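Both ligands and their constituent atoms are indexed starting at 1 by order of listing. Note that the coordinates shown come from a computational prediction; the quantities given were computed from them, not determined experimentally.
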Amino acid sequence: MAVSSEFDPSLALSHKFPDTSHSYTERDAALYALGVGACAWDAVDSDELKYVYHENGQEFIKVLPTFAALFTFNSMPNGFVIPGLEYDPRLLLHGQQYIELYKPLPSNCHVNHKVCLAGLHDKAKAAILEFETKSYEKESGDLLSVNRTTVYLRGAGGFSKSSKPFSYTNYPRNQVPTVKIPENKPFSVFEDRTQPSQALVYRLSGDYNPLHSDPMIAKVAGFSQPILHGLCTLGFAVRAIIKCICKGDQDKIKSISGRFLLHVYPGETLVTEMWLEGSGVIYRTLVKERKRTVLSGYVELRGLTSSL
Ligand SMILES: CCCCCCC[C@@H](O)CC(=O)SCCNC(=O)CCNC(=O)[C@H](O)C(C)(C)COP(=O)(O)OP(=O)(O)OC[C@H]1O[C@@H](n2cnc3c(N)ncnc32)[C@H](O)[C@@H]1OP(=O)(O)O
């Protein structure tokens, strides 16, 4: 049954989200790492064992930087429910993600979050929501990460009479600029196969959207079968960058941006191509079987030159 959308932009943009907090443990970080494909193929001597196991007497496991993207979910325990925005949640797609990392993520942490709806845009055939989540380590008060999450609501546009976007004027737009893919050969290419069960494992990290698990919902949303979470694909891409460019040092990642260009089906092979650019890496991820680009973006690194 179709669900109609109804928007009151002023009401939505003036909504104040309550501050929230949550705790995570090593178990959450390890489950997340498995959800984005760590240790899938060469677990025994993999440099990724540190994400799931305390190896070599190391006291704590290491946490993948993309784990911070989950803080958007953790900061909104009621989901994307906002006064003034009624839409069909089955048609929601993740459009973009931008993550800034201020310090390595602890393996256990109590995190305080501040979240706001930072932007609302009318694209006629769709509405775009932009959320900003700032997350702080409770113990030290230190800022851990800033996430900017773009949600693409198909069929929910046309709520505005003006072409001017409804958004806060102080919101830094274009945090996720569409990257220009260089024409020369990539510096590095990494291929990784997702498992048919990938989305079912990934969802246990907190995104229980049935688009990724329920065949009927997937059909209503226009897909032949449940699709992979966008953030799972992003996790695979950033793991590729950590392996190929950062020599396995996840703490070199300073910021991550990505635009989801096309859906991925669990079980498909992801090929991530990387080009060095400025202080970071331009990347794009393709599905090998369909030869289609599904994600592209830029990852800013700490100390790129010294690592190569
Ligand atoms: C942690 C918090 C998580 C947040 C919630 C996420 C919950 C998850 O469970 C949901 C998911 O993971 S869904 C899976 C991942 N996402 C996808 O698979 C989407 C892939 N992308 C698409 O299908 C198309 O790009 C599509 C459909 C998105 C757009 O394609 P078109 O309709 O053809 O758009 P187009 O005509 O090219 O452009 C229209 C205007 O929209 C802008 N735009 C396009 N793609 C965008 C994208 N990916 N993100 C943001 N904006 C986007 C265009 O710029 C254009 O605007 P303008 O006219 O102003 O240029």
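Remark: atom 36 (O) of ligand 1 lies closer than 4.0 Å to at least one protein heavy atom. At a distance under 4.0 Å, no protein heavy atom can be found next to atom 60 (O) of ligand 1.
Close approach to Lys123 involves these atoms of ligand 1, each under 4.0 Å from a residue heavy atom: 40 (C), 56 (O), 57 (P), 59 (O). Heavy-atom proximity to Ile227, at under 4.0 Å, picks out these atoms of ligand 1: 14 (C). In summary, the atoms of ligand 1 found under 4.0 Å from a heavy atom of Leu228, numbered by their order in the structure, are 14 (C). Interface atoms of ligand 1 facing His229, defined by a heavy-atom separation under 4.0 Å, are 12 (O). Near Ala69, the atoms of ligand 1 lying under 4.0 angstrom from a non-hydrogen atom of the residue are 1 (C).
The two residues Gly158 and Asp122 make their nearest non-hydrogen contact at N-OD1, 2.7 Å. Residues Leu105 and Pro65 come closest through the heavy atom pair CD1-O, 3.9 Å. Closest non-hydrogen pair, Lys219 versus Ser224, comes out as NZ-O, 3.9 Å.
Of the polar atoms of His94, at least one N or O is found under 3.5 Å from an N or O of ligand 1, judged by distance alone. Below 3.5 Å of separation, one finds no N or O of Leu231 facing any N or O of ligand 1. The shortest N/O to N/O separation between Phe260 and ligand 1 falls below 3.5 Å. Residue-to-ligand polar distances keep Thr149 apart from ligand 1: every N/O pair is separated by 3.5 Å or more. For ligand 1, the polar-atom distance check against His212 finds a nitrogen or oxygen pair separated by under 3.5 Å. In terms of N/O distances under 3.5 Å, ligand 1 is not approached by Val264. Close N/O approach between Gln97 and ligand 1 is not found [any backbone or side-chain N/O within under 3.5 Å]. Note: an N/O pair closer than 3.5 Å links Gly230 and ligand 1 by distance alone.
The backbone of Leu262, and not its side chain, has at least one atom closer than 4.0 Å to an atom of ligand 1 (non-hydrogen atoms only; backbone = N, CA, C, O). Under 4.0 Å from ligand 1, the heavy atoms of Arg259 that appear belong solely to its side chain. Contact annotation for Thr233 and ligand 1: no heavy atom of the residue comes within less than 4.0 Å of the ligand. Neither the backbone nor the side chain of His121 has any atom closer than 4.0 Å to an atom of ligand 1 (non-hydrogen atoms only). In Tyr152, the part holding a heavy atom less than 4.0 Å from any atom of ligand 1 is the side chain.
Side chains of Phe131 and Met76 form a contact here, defined as non-hydrogen atoms less than 4.5 Å apart. Here the side chains of Glu130 and His121 are in contact, with some heavy-atom distance below 4.5 Å. Within the 4.5 Å cutoff, side-chain heavy atoms of Lys288 are placed close to those of Glu191. Here the side chains of Leu34 and Tyr51 are not in contact, with every heavy-atom distance at 4.5 Å or above.
A donor and an acceptor atom, one from each side chain of Tyr298 and Glu300, are nowhere located under 3.5 Å apart. Side-chain polar atoms of His110 and Glu137 form no donor-acceptor pair below 3.5 angstrom. Side-chain atoms of Gln97 and Asn147 form a donor-acceptor pair, as typed in the model, at a separation below 3.5 Å.
The distance between the ring centers of Tyr24 and Phe67 falls below 6.0 angstrom. The ring of Phe71 has its center closer than 6.0 angstrom to the ring center of His113.
At the top of the distance list for atom 33 (O) of ligand 1, counting protein heavy atoms only, stands Lys125 NZ, 3.5 Å. In terms of protein heavy-atom proximity, atom 5 (C) of ligand 1 is closest to Phe80 CE1, 3.5 Å. Of the protein's heavy atoms, His263 CA, 3.3 Å lies nearest to atom 18 (O) of ligand 1. Nearest protein heavy-atom neighbour of atom 1 (C) of ligand 1: Phe73 CE1, 3.1 Å. Ranking protein heavy atoms by distance to atom 22 (C) of ligand 1, first place goes to Leu261 O, 3.4 Å.
Listed for the His94 side chain is a donor-acceptor partner under 3.5 Å among the backbone atoms of Gln96. Formation of a donor-acceptor pair under 3.5 Å by the Thr20 side chain with backbone atoms of Ser75 is found in this model.
Checked for salt-bridge contact, Arg90 and Asp88 meet the test: a charged N lies under 4.0 Å from a carboxylate O. The pair Arg239-Asp192 meets the salt-bridge criterion, with a side-chain N (NZ, NE, NH1 or NH2) lying under 4.0 Å from an Asp/Glu carboxylate O.
When the heavy-atom distances from atom 8 (C) of ligand 1 to Thr72, Leu70, Asp207 are ranked, the shortest goes to Asp207. Among Ser75, Gly95, Gly79, Pro210, the residue whose heavy atom lies closest to atom 47 (C) of ligand 1 is Gly95.
In this structure, Ala126 falls outside the shell of residues with a heavy atom less than 4.0 angstrom from ligand 1.
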